[in-house]
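For reference, the structure I am asking about is given below.
Reckoned from all heavy atoms, side chains included, excluding hydrogens, waters and symmetry mates.
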Amino acid sequence: MQNVRYLIETKKPSVDESAIKLTEEKLGAIFPEQYKELFKLINNPEIGEWILFPIKTPKNVKKTWDDVVRQNKEVRDERMSEDLIAIGDDGSGDKLCYKKINGKMGDTIYLWDHETTELDEYAPSLEEFIILISEENDDFDEE
């Protein structure tokens, strides 16, 4: 995961292990290691047009109030399957999700379409997602 850090430009602070664990407890599932590694580098990262929901931290409550727990517990689309954990969105209503299986979230990133409620595999892992989005942005920049 360290090798993709250069693909994300930010000055946002990181989050510590205790905040991650508290968030996992509230969601009832453990995040994949790549997700935890990323959030230990950057909380609320922006990857292309996608913004990953922040993990709430006491030192930055104002900027982390609309966190991943709120997105999954309070403002969640009722049409979304219970086994999905929304981790980010692109502002259109579409969500990036992990699937929850036996108290753990799998590595695969899925795209949940808010219009059709269809779920499609987007990338096999968070790292592959970041690389894919960075390559798409590079292709767009060259046009």
Side-chain angles (χ1 to χ4, degrees), residues 1-15 19-143:
M1 209 45 197
Q2 292 284 57
N3 59 343
V4 299
R5 183 178 186 172
Y6 71 92
L7 297 173
I8 303 171
E9 295 177 31
T10 189
K11 292 185 166 84
K12 293 178 182 176
S14 62
V15 68
I20 293 171
K21 285 197 180 307
L22 183 60
T23 299
E24 289 174 330
E25 287 172 19
K26 289 179 179 179
L27 291 173
I30 297 169
F31 289 113
E33 285 305 313
Q34 288 183 358
Y35 181 93
K36 293 186 219 184
E37 288 177 36
L38 177 61
F39 275 74
K40 288 177 187 175
L41 298 172
I42 305 163
N43 194 6
N44 194 212
E46 295 179 37
I47 303 162
E49 63 191 20
W50 295 97
I51 299 173
L52 300 189
F53 303 127
I55 289 177
K56 191 174 282 183
T57 61
K59 61 185 174 191
N60 204 356
V61 174
K62 284 185 180 176
K63 293 193 177 185
T64 62
W65 71 272
D66 191 20
D67 70 323
V68 67
V69 173
R70 180 177 182 278
Q71 286 291 325
N72 283 282
K73 299 288 185 181
E74 296 175 31
V75 296
R76 180 185 184 91
D77 190 310
E78 66 276 354
R79 301 172 302 157
M80 190 180 283
S81 172
E82 287 296 316
D83 67 338
L84 297 177
I85 300 285
I87 60 165
D89 68 19
D90 64 356
S92 75
D94 294 342
K95 305 282 187 209
L96 292 177
C97 302
Y98 282 128
K99 275 190 181 176
K100 180 170 60 169
I101 302 164
N102 298 325
K104 287 187 165 190
M105 295 176 224
D107 289 324
T108 304
I109 301 236
Y110 294 91
L111 173 62
W112 182 80
D113 186 300
H114 76 285
E115 291 178 4
T116 65
T117 70
E118 288 182 18
L119 188 68
D120 292 309
E121 187 174 318
Y122 203 129
S125 69
L126 183 57
E127 185 172 19
E128 290 297 321
F129 170 77
I130 294 168
I131 292 166
L132 176 73
I133 295 298
S134 297
E135 288 172 353
E136 286 176 4
N137 286 343
D138 287 346
D139 291 345
F140 180 77
D141 291 343
E142 290 171 9
E143 291 176 9

Query raised in the report: Looking only at heavy atoms, what is the nearest atom pair of Leu38 and Pro45, with distance?
Result: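 That would be CD2-CG, 3.8 Å.
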Requested in this report: Could you note down all residue pairs passing salt bridge (charged side-chain N to carboxylate O under 4.0 Å, His left out) where residues 55-65 supplies at least one of them, sequence neighbours left out?
Outcome: none
Requested in this report: Return the set of residues passing side chain to side chain contact (heavy atoms under 4.5 Å, CB included) with Ser14 (not counting sequence neighbours), or none when no residue passes.
Outcome: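 For Ser14 there are no side chain to side chain contact (heavy atoms under 4.5 Å, CB included) partners, ignoring immediate neighbours.
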**Report entry** Least distance between heavy atoms, Gln71 atom then Lys95 atom
**Finding:** OE1-NZ, 3.7 Å
Report task. For Asp67, check salt bridge (Lys or Arg N to Asp or Glu O under 4.0 Å) against everything at least two apart and list the hits. Result ->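 Testing Asp67 for salt bridge (Lys or Arg N to Asp or Glu O under 4.0 Å), a comparison that skips the adjacent residues, returns none.
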Query raised in the report: To the nearest 0.5 Å, how far apart are CG in Leu27 and CG in Leu22?
Result: 9.5 Å
Report summary line: Taken in chain and number order and not counting sequence neighbours, the residues that satisfy side chain to side chain contact (heavy atoms under 4.5 Å, CB included) with Asp90 are Glu49, Trp50, Ser92, Asp94
Query raised in the report: ring pair (Phe, Tyr, Trp, His ring centres under 6.0 Å) with Phe31: which residues, sequence neighbours excluded?
Result: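 Testing Phe31 for ring pair (Phe, Tyr, Trp, His ring centres under 6.0 Å), a comparison that skips the adjacent residues, returns Tyr35.
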Query raised in the report: Taking the side chain from Asp120 and the backbone from Trp112, do they hold a donor-acceptor pair closer than 3.5 Å?
Result: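 Checked: no pair found.
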Query - Side chains of Ile85 and Phe53 in contact at under 4.5 Å (non-hydrogen atoms) - result: no
Requested in this report: Mind listing the closest non-hydrogen atom pair of Asn72 and Leu84 along with its distance?
Outcome: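 It is OD1-O, 4.0 Å.
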Query raised in the report: Do Lys36 and Thr23 have side-chain heavy atoms sitting under 4.5 Å apart?
Result: no
Query - Pairwise side-chain contact, Thr64 with Asn43, heavy-atom cut-off 4.5 Å (strictly under) - result: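 Side chain of Thr64 against side chain of Asn43, heavy atoms only: contact under 4.5 Å found.
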Report task. Sequence neighbours left out, what passes side chain to side chain contact (heavy atoms under 4.5 Å, CB included) with Lys21? Give chain and number order. Result ->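 Side chain to side chain contact (heavy atoms under 4.5 Å, CB included) check on Lys21 returns Glu17, Glu24.
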Query raised in the report: Residues two or more places apart in sequence or in another chain: which of them pass side chain to side chain contact (heavy atoms under 4.5 Å, CB included) with Ala29?
Result: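 So Ala29 forms a side chain to side chain contact (heavy atoms under 4.5 Å, CB included) with Lys100, Met105.
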Requested in this report: Kindly give the heavy-atom pair with the smallest separation between Pro13 and Asn60, and that separation in Å.
Outcome: CG-ND2, 3.8 Å
Report task. Apply salt bridge (Lys or Arg N to Asp or Glu O under 4.0 Å) to Asp77 and list each qualifying residue two or more places apart in sequence or on a separate chain. Result ->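 Expected list: Arg79.
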Report task. Identify the two heavy atoms, one from Leu119 and one from Lys99, that lie closest to each other, and give their separation to 0.1 Å. Result -> CD2-CE, 3.5 Å
Query raised in the report: What are the two closest non-hydrogen atoms of Asp107 and Pro32, and how far apart are they?
Result: OD1-CB, 3.2 Å
Query raised in the report: Does Glu37 pair with Lys40 as a salt bridge, N-O distance under 4.0 Å?
Result: no
Query - Pairwise distance CD(Glu128) to CD1(Ile109) - rounded to 0.5 angstrom - result: 10.5 Å
Query raised in the report: Do the side chains of Phe129 and Leu96 get nearer than 4.5 Å, heavy atoms only?
Result: yes
Requested in this report: First locate atom CG of Asn44, then atom CG of Asp66, and finally report the distance between them rounded to the nearest 0.5 Å.
Outcome: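 Output value for this atom pair is 9.0 Å.
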Report task. Apply side chain to side chain donor-acceptor pair (under 3.5 Å) to Ser81 and list each qualifying residue two or more places apart in sequence or on a separate chain. Result -> Asp83
**Report entry** Point-to-point distance, once rounded to the nearest 0.5 Å, from CG of Leu132 to OG of Ser125
**Finding:** 10.5 Å
